[in-house]
Amino acid sequence: MSLRTARIVSLVVTVVGAIVLLQNATFSWLGNQQGYEPVQPIAFSHKIHAGDNQISCLYCHSAAEKSRVAGIPAASVCMNCHSQIRKDSPEVQKIAAALSDNKPIQWVRVHDLPDHVAFNHSRHVSAGIKCQQCHGPVETMERVAQFDSLFMGTCVSCHRTHREVTLDKTGKPVIAKEATPKRLMASTDCSVCHH
Amino acid sequence: MNGEKLWKIFQQQDADRDSVDLVNIEPRAAMSRRTFIELIGFSAAAAALAGCRAPEQKIIPFITQPMAEFTPGVGLFYASTCGGCSASCGALVKVRDGRPIKLEGNDLHPLTGGGLCAVAHAMVFELYDSDRLRQPMRGSQAATWDEVDAEIKKQLDGIKQNGGKVRVLTSTITSPTTLAVIEKFLTQFTDGKHITYDAVSTAAIRKAHLKTHGREAIPSYKFDAAKLIVSFGADFLGTWIAPVEFTRGYSQARNLRDGRHEMSRHIQFESRLTLAGSNADRRVKVSPAEEIESLLLLAKLVAAKTGQQAPAEIASFNPTNLNPRLQQVVEQTANELVKLKGASLVVSGANDTDAQVVVNFINNALGNYGATVDLNAPSAQKQGDDEAMAELVREMNAGEVKALIISGVNPAYDHFARNEFTSGFAKVPLKISLNPTRDETSANADFICPQSHFLESWNDAEPRRGTFSLSQPTIAPLFQTRAYQESLLRWSGDERNFYNVLREHWKENIFAKDANFDELWDKSLESGAYTIERTAAAQPAFASSDVGNAATRLKTRAMTLAGKLTVALYEKILMRDGAHANNPWLQELPDPITKITWDNYASVSPALAEKLQLEEGSVVRVSNGATTIELPAHIQTGQHDDVIAIAVGYGRTHAGKAGNNIGANAYPFVSFDNGTFQYLANGASIEKTGAKIEFASTQRHHTLDGRPIIKEFTLAEFISGHAGEGERERQSQSIWKDHAYGEHKWGMVVDLNACTGCSACILSCQAENNVPVVGREEVRRQREMHWIRLDRYFEGDGETTKVVYQPVMCAQCDNASCESVCPVLATVHSSEGLNMQVYNRCVGTRYCANNCAYKVRRFNWFDYPHDDEIANLALNPDVTVRTRGVMEKCTFCVQRIEEKKILARNEGRAIRDGEIQTACQQSCPAQAITFGDLVDQESRANHLKHDERDYILLPELNLRPAISYLAKVRNTEEA
Amino acid sequence: MAVAVKHTEDLAHEATHPVVSPLRKPLIEGHKTYGDVTTDICNLLDRRAGAGWWIAFSVSFVLMVAGIIATAHTVSTGIGTWGLNKTVGWAFDITNFVFWIGIGHAGTFISAILFLFNQKWRTSVNRSAEAMTIIAVMCAGIFPVIHMGRPWLFYWILPYPNNRGSLWVNFRSPLVWDFFAISTYFTISLVFWYLGLVPDLATARDRTISKLRRGFYKVLSLGWNGSNRTWSRYETVYLVLAALATPLVLSVHSIVSFDFATSLIPGWHSTIFPPYFVAGAVFSGFAMVMTLMILVRKLMRLEDYITVQHLENMCKVTLLTGSIVSLAYLTEVFIGFYSGNPNEMFVIVNRVLGPYSWAYWTMVTCNAIVPQLFWFKRVRTSVPLIFVLSILVNVGMWFERFVIIVTSLHRDFLPSSWAMYMPTITEITIMLGSFGLFFTLFLLFLRIFPVISMNEVKGVLHYARR
Amino acid sequence: MHAVRRESINTRYTAAFFKREEDLLAAAVEAREAGFEIHDAYTPFPVHGLDQAVGLRRSRLTWIAFIAGSIGLAFGLGLQVYTSVYDWPLNVGGKPFNSFPLFIPVTFELMVLFSGLIAIGVLLIRNRLWLFSKRLVFDRVTDDRFVLVLRQSDASFDVRRAMKLFAKHGAIKVIEGDEFV
């Protein structure tokens, strides 16, 4: 075939390919906060707490079991340990200060779903979904960054597969081969999240 | 947002360029795979976008973890008492993240059960009313509590030394502790007196019982025990004394669900169409004069038929204004009453001692005392003493009153002689207002010590003797306000806070001495109520001495009224006495009878309108010589030609931004006569001004035009099983296989026989679902947003107007016509039979609304204001606030469904029947609404779906709605 | 025969083409030669616009701008700026939409259907009729977008892969059908029109004196050189397109009618809508073509090309379609009662006697009674009369859509939610604006493109002459 | 013009101008009978019978349009069934996931769209019609002249015979040249 035809064909292939490959990118870049990693008022390291010291997520984010929100621990909760441990660390000092002069710590929100999305932590936690599936390997993060795009597609794909979700050693979610018992069946009704 | 720290890393790499931001807007994953095509494609747009990235959000946790039961994001319910009016109904306050967002009925409350009225639901909005005073005021200057306390104490001490009258003027107070506090406060002074003033008073009942039974009290009326109710213009379902309590009893006695085949009978003699009258089995349209004469005639006949000896004035009474038909009606009524001796109830709405005396006579003759009328458990819900008020005004004008403290009253607006009051008020050297806002009266006070909202403060109530309820603060005061009891305590030199006073009072006076206080206290707090079991006592003896004179006076009164135009003043179900005029939820709630919002009006009968060539909305000048006001006319079928009905509670000037200058103030028509306020102004004249306005009404067509929308039977037909006849089209044919429903299939049944049209459901829904208020202009354009519509249809001619109510909300049709036309799948069906509306997907073609047979969909024509930061605190965080251009509608309170589903799943159990209650169902005083799971064969809803009265709206369309109705039954034949 | 001849070398030509047909009159008057046709049409492009054109243009332009402002107001403030309410969710917006779509149909009818039926007279009018179609569809297309509550999200009715997992569109919704139907209709009409234009653009290219125009036509004429190979493929494709456009034009208005027919609203839910709407569309379309053609032949002095005979033919079509529409009205009323369905009956009564009866009777007068005048040849051949009547017909057809939409919606099943609708200034301005847009674009077309399909006219120049 | 490009440079063409389509037709017919190789004819409008006269095969574009239409049909139906039955089935108004009758309109429209656009696309490509094409156009051939072009295929081409033939049919002008570019 002539050079011109070749050019046409190749161009078509490239464009179509690009659209298919980058589908997500093509239609999703607006307002995507994936990778958002704001500097926090206190250099709190999840790596040290959840990673090295193996503190359970739910110790601080205790509401996650009972409520739609996971909750940010009150300064007093931090002091449960830090009244003994590393009292002198400047970062811990900040907390102590906050407690003493009764000024709440203003954390910068990392994971922020739109107001028209009602995500319920308690349901997912008690269904056995690992925090890491959406939040990523937080226990390895010095400063928390948004791991997933948290687009509707993410939720839906998981709700569709109705499967037990486990994490491999790198913290990547793995969807089990066989379907799990009913208690883990998830609904894809719009009203489950949008009301 | 300030990008500095956020994008630091990249700024180090290269100085400027929007592409820097682009890198971060792009998903990580995509970046690696980005090709050059994509880059050129997006960098331009990204440049534009750099500006509109999601703004930085802060999370502010608690300093110290609050009490154990608190979890962010989880709603908690606290038992409390509604402070909306003096009825003091039991309520549950839903608190979310530390702020009360909704009032619900407290089903543990002995009087009101789970019921609440419309006003109660609007109270949450009042808590967040930004027109409330934010701190105490000295005149019009802001002050601190210490300052005002100091000055007030100083002046009071002065009065203590020099003596002089100190008056505390309050609305009805049902709180025993508060009364004690006021008592304590007044004992400091040589001449201290507490005066209770109700703008809309029922003092006559108390005075009448003082005359006939020697007890100045309002008895408790047992509408649930009465088999036959005869009411002379008493709107006991709408506004009279304790509507919620009465509605509950009324509907219990008329409940035909679950195989019951008997219901009480209700006969109403009235001149204007009241809510109670609209529900009557037999409604007799009478003029005020005829009303009085029918009452007298009834007394005569009842006495005769019961052999009760009656004073000559009654025994010899011959009606002069009653036409034969009416006489016959009264005769029949008398027969029915006598047949049901001891199980009947006669009430009158007139605030006229004589009328009430005669009513007592009849009830006594019928032996209803002890059965349906109980003086041993009197109601404390209306304590207004009209004479005392009149005396106070006199004292003030005479300059005798040294100090006046007002709380919860606004006489400068709602006293019939407000000029007299204000002139006297001006003469009082120390004027203290404890009202929450700078209203008409407070505006002229020396000090305003704003009281906290009842949701911010401790209190108790004893609406009926022996029945106590507590109310507890559900949020710390938003502003620098203080419970008015505390103010009084301070000024009595008592530094305790009211909470302790309350506990001590209960310890001393209410709980049994030997009881374990804390245990009882906690139990009462939890349930919200505490009752003292009374040993049955005999009713006080009846003394007929005054009946004769009463009858004579009534006759002459009837004469004066006869054939003349009379202005009949009344309270609207929503606006009541006008205290809550600044509440837009109430202003926009359509009146159940007229369906008009944001206005009061002069209701005239069609005949009168024709005579004066009035059209709906043409402005008229109503006058009785002394008073003249201009109002638009509303043509009301079922109203007597001699009557012009005008609602009080409008024409406020100092209510606030929502309530000012809406309608006209009708209180000046009130008169003080024979020891009570009279709400009938006779010798009225009415003339057309030529002007004309358009009402903001939500229903413009008032008849059924023979359409089979409402099914209605007589009790006889129902008993003989006619209700079951006719269609069962819901099992109609389908050309394709229906979708199977899984775990649940939500459905609802509305009992039209129970629904009284009180409209509480509309506001409950509004509060629960963040339904916006759109304002008078938009309602005029027929754009109100309420998710529940209370359709009201008139049947029959003007003589025997019958009224039916039908709550219509989204029916969640299985074959929803709205779904198939939505281009973007913004409304589709859930696996649980819900018709889901996804606001964030909606593009607003309005096709669904056009294609909805029930017209229950509502469109956001504009961005409705949410700029009042304080008012926004009333929003329910579980429900999306809809933006401009999207469709919305009833969701069966899907947020509640999801909440309970999640709860049940987390607890690894099935959802219990009745566990999920929709907002409208929860607080329906008549329990007309039942919601449940139709998959569950045992569920109550399923059970009712098989009731013989069950029918669906527009079955011919095969929409398969999940809502069905239970036909209305009228107990027409004489018992 | 002795005729005034322009080129001497054409003498012989004339001589060999005497008028021989005793029955048929020539389609083109004035004994034109090929050269004359070229000259007449191409000179129109180079000549400066006359006063008439400028007046017409400025009026329509002002209207258009007003419409744009009103639209901006709507989009920025909300649909609340219109007179709609909880019961009447559509009114002027969809009325205008259906009206303009309807207008468009005449163009396709003339260019495609008459082509298939080998109606030679179409050649003088099809070019501008097709242009009208395209412009009308543009006007129509605006309304479904701006009537949305959130028009900036209109692209959500496109099925494209997205990150909502992918959430597609509801192919059961007539609005989605509309989108596909109208975009297809627009595309096909456009290419059809353009294809017909190419040879004439080539002619213009070779004739025009202005450099700018030559460059413009050179690009658009795609290097057309009249080669016979091209011609033969060209004609094949032209035929194919005509064959496609014919069912297309029928489908488009049928689908538009589905917006109503597939719903359950009494007065909408009706099976006669598709043919009823198509007939109505052609009816209004031809009326509009006549209005325009009368203007064009005056403005552009094309009496020789667009003859009274053309107008008369169109009058006949109008008469036919008008009668079909009237039949539809009768059927509607009949079925309303024959159905025995109380709601249907009520809608009919409410239309005829209800609060909007004035609209109904305007419609009946203009659509059922007025066109009957075309039975008389005197009317059919009097240009001023045709002009007035054709405008009346369009007024009527606009009201037809208004009646169907509003009178059905404002009183449906439950009397409690019955309501009245009255348009706001904003809505009226937007409607006038759409007319402004229509005429602005059409007038521009007259100045930029050969108004008459020269190559086709040349093809039929000797009709009834040989 | 690709015909030209494919020929060796020294191929020459003879173009005769006529005033009337009948003359062109007659000339073309006779030229073919006389064994001349007709390169192409150029006319201001499609002249009926010219295809046969110059011996042109019937165009296959109708078939292309048909195939394109079928593709459109398949695509339309496929898209709708895939999205509403397989990818994300949703209960819309109680209708079955595969609401085939409701898929017909879109299917039809896509069929027409594909058919039409592809047919035109092919036409433009086959005829090398594109925006910036620079091709010779005979004088007045888009106006009122009809041109017949013969290819001087080999040395045996007799110019004198051709001229005579043209003259006989009233040609008003004859030009000759190599690839006329």
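Below, chain A is the first sequence line, B the second, and so on; all start at residue 1. If you're wondering where the values come from, they're calculated on a predicted model, not measured in any experiment.
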Task: Nearest-0.5 Å distance that lies between atom CG in D/Leu61 and atom OH in C/Tyr234 - done: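 Reported to 0.5 Å precision, the distance equals 13.5 Å.
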Task: Sorted by number, residues from residues 111-120 of chain D in contact with chain C (heavy atoms, under 4.5 Å) - done: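 Checking residues 111-120 of chain D against chain C gives D/Val112, D/Leu113, D/Ser115, D/Gly116, D/Leu117, D/Ala119, D/Ile120.
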Task: Within residues 49-60 of chain D, residues adjacent to chain C where the heavy-atom gap is under 4.5 Å - done: D/Leu50, D/Asp51, D/Val54, D/Leu56, D/Ser59
TODO: Assign the ring pair C/Tyr34 / D/Phe45 to parallel, tilted or perpendicular, where the plane angle (0 to 90°) is split at 30° and 60°.
DONE: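 Tilted, since the angle between the ring planes falls between 30° and 60°.
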Open item on the list: Using the rule side-chain contact (heavy atoms from CB on, under 4.5 Å), only one of C/Asn225, C/Thr230, C/Asn228 pairs with D/Asp40; which is it?
Closed with: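 The option that passes is C/Asn228.
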Task: Test item: C/Phe171 and D/Leu102 side chains (from C-beta on) under 4.5 Å apart, heavy atoms - done: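 Side-chain contact under 4.5 Å: no.
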Task: Heavy-atom check, side chain of D/Asp87 versus side chain of C/Ser166, under 4.5 Å - done: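 A side-chain contact under 4.5 Å exists here.
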Open item on the list: Can you tell me which portion of C/Val240 sits under 4.5 Å from chain D's heavy atoms? Options are side chain, backbone, both or neither.
Closed with: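 When you check distances to chain D, only side chain atoms of C/Val240 fall under 4.5 Å.
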Task: C/Ser232, part contacting chain D, at a heavy-atom distance under 4.5 Å - done: both
Open item on the list: Counting only non-hydrogen atoms closer than 4.5 Å, can you tell me which residues of residues 255-264 of chain C sit against chain D?
Closed with: C/Ile255
Open item on the list: Restricting to salt bridge (charged side-chain N to carboxylate O under 4.0 Å, His left out), what partner residues turn up for C/Glu235, sequence neighbours left out?
Closed with: none
Open item on the list: Other residues, nucleotides and ligands only: do more than 12 of their heavy atoms fall within 6.0 Å of NE2 on C/His269?
Closed with: no
